[in-house]
2 protein chains.
Amino acid sequence: MDDKRRLILDQALALVDERGLAAMSMRAVAERVGLTSMALYPYVGGKDALLDGLVDLLHQELGTTLEEGDGDWRRRLHALGRAVRRLAYAHPGAFPLLLNRSAAGASASWLTAALRGILHDAGVPGDRTPRLSRMICAFLLGYATGEVTGGLPAAPRGEVAEREFEADLADLVRLVEVAVRAT
Amino acid sequence: MDDKRRLILDQALALVDERGLAAMSMRAVAERVGLTSMALYPYVGGKDALLDGLVDLLHQELGTTLEEGDGDWRRRLHALGRAVRRLAYAHPGAFPLLLNRSAAGASASWLTAALRGILHDAGVPGDRTPRLSRMICAFLLGYATGEVTGGLPAAPRGEVAEREFEADLADLVRLVEVAVRAT
DNA sequence: ACCTGAACACCGTTCAAGT
DNA sequence: ACCTGAACACCGTTCAAGT
């Protein structure tokens with residue numbers, strides 16, 4: 001079965017959620033699944049590959065969470081930004097992996113594709129969308145990571161942080177509008 | 001002597017530069033310094049604290065590298081952005097620590113202070129500078145981290161990447177200008 | 001004061017062996 | 001086919017002991 005691999009990855013993510021990334025040893029994951037650590041290797045292939053699997057899982061969850069609305073691009077950009085931030089708070093231990101590990105997997109390029117689609121619909125000229133989408137991606141991942149790890153200095157907390165993030169998203173919209181007008 | 005602590009941190013950073021973060025064990029650092037791992041504890045106090053020390057070292061190096069020019073704010077923002085990116089390429093193994101570990105140290109808030117100073121001189125209203133400076137900080141750290149880890153999808157390489165980053169910085173300048181006009 | 005040896009409880013990973 | 005026991009070379013950290 002290949003859903004065994006999925007089961008292992010799910011349990012690994014749950015473990016990281018509950019006890020942090022440092023607590024995720026092969027042995028601890030195996031115990032959660034009811035196996036020995038050596039039994040995991042055929043399914044997930046070593047710890048490094050397991051971590052890549054978690055990155056993939058997070059990207060998938062982002063895609064699932066996000067209601068792929070066909071509303072106007074501003075609303076979709078807001079929705080994407082909020083989804084990224086929610087993902088960070090849902091998995092504070094695992095989320096930093098997104099920016100720290102190579103985004104080679106197919107589900108990783110989903111984010112880029114979604115972002116480019118939004119910019120396209122906003123009217124951003126085609127030669128500008130790759131760079132602008134990478135910029136926004138870097139901001140969203142960097143911001144959410146910093147919020148969840150405390151890596152960004154002088155970060156607010158709770159409801160204030162939420163309002164500030166909304167204002168940031170509005171600034172991103174403005175950045176896109178400037179790119180459109182500069183055509 | 002307290003320069004012994006500094007010597008240990010320097011050797012730890014050099015080790016990470018040469019062989020990656022995963023290779024930085026207490027024992028490996030100690031061997032580089034000519035001691036046993038147990039001798040490090042009084043100076044750096046455990047591995048976690050050593051990593052915090054590396055974060056501090058990177059922030060300090062950023063402050064040193066950056067010619068604190070008194071030119072116009074646009075040039076200073078460019079200089080700051082380039083300094084952050086250069087730091088990432090100088091220490092690709094250690095740089096991701098900046099966003100992944102709590103920025104509690106005094107040298108961490110230096111970056112924020114520098115950024116706020118630039119925005120202030122740009123004419124950004126005082127109640128807008130904290131949020132805008134955090135935005136730019138998140139982008140710079142997120143972008144440079146992603147570039148160095150491959151965590152940002154579809155990232156270009158070499159000289160192309162450099163030109164794209166310059167264009168990104170120009171966009172940041174535009175973002176600031178918009179914030180000034182919105183007063 | 002500064003350092004080390006020995007020890008403890010853990011790692012990731014391999015591989016022959018079990019069913 | 002799927003799993004485990006035993007083993008290997010490593011970890012971080014403590015603490016009594018050395019000089």
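Reminder, nothing fancy here: chain letters follow the sequence lines and each chain counts from 1. It should be emphasised that the depicted structure is a prediction, and the values quoted were computed from it without experimental measurement.
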Task: Any pair counted as salt bridge (Lys or Arg N to Asp or Glu O under 4.0 Å), so long as it reaches residues 104-114 of chain B, sequence neighbours left out - done: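 Passing the test, one end in residues 104-114 of chain B: no pairs.
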Open item on the list: Does anything in residues 118-140 of chain A form a salt bridge (Lys or Arg N to Asp or Glu O under 4.0 Å)? List the pairs, not counting sequence neighbours.
Closed with: A/R76-A/D121, A/R131-B/D168, A/R131-B/D171, A/R134-B/E164
Task: Pairing string, 5' to 3', for DNA chain D - Watson-Crick or wobble contacts under 3.5 Å, brackets [ ] where pairs cross, | to another strand - done: ||.|||||...|||||.||
Task: B/S109: side chain to side chain contact (heavy atoms under 4.5 Å, CB included) partners, not counting sequence neighbours - done: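 By the side chain to side chain contact (heavy atoms under 4.5 Å, CB included) rule, B/S109 matches no residue at all.
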Would you list the atom pairs, donor with acceptor, under 3.5 Å between side chains in residues 26-41 of chain B and any protein atom, with sequence neighbours excluded?
{"residue": "B/R32", "atom": "NE", "partner": "B/Q11", "partner atom": "OE1", "Å": "2.9"}
{"residue": "B/R32", "atom": "NH1", "partner": "B/E18", "partner atom": "OE1", "Å": "3.1"}
{"residue": "B/R32", "atom": "NH2", "partner": "B/E18", "partner atom": "OE2", "Å": "3.1"}

Nearest-0.5 Å distance, [atom1] of residue [X] to [atom2] of residue [Y]:
X: A/E147; Y: A/Y89; atom1: CD; atom2: OH; value: 3.0 Å
X: B/L57; Y: B/L62; atom1: CG; atom2: CG; value: 12.0 Å
X: A/L169; Y: A/L175; atom1: CG; atom2: CG; value: 12.0 Å

Task: OP1 or OP2 of C/dC3 under 4.0 Å from side-chain N/O of B/K4 - done: yes
Task: Over-ring placement of B/R85 relative to B/Y143, 6.0 Å and 45° cut-offs - done: no
Task: Between P of D/dT4 and CG of A/L40, the distance in whole Å - done: 9 Å
TODO: Between protein and nucleotides 8-19 of chain D, map the contacts as a letter string: B base, S sugar-phosphate only, - none, heavy atoms under 4.0 Å, written 5' to 3'.
DONE: ---BBBB-----
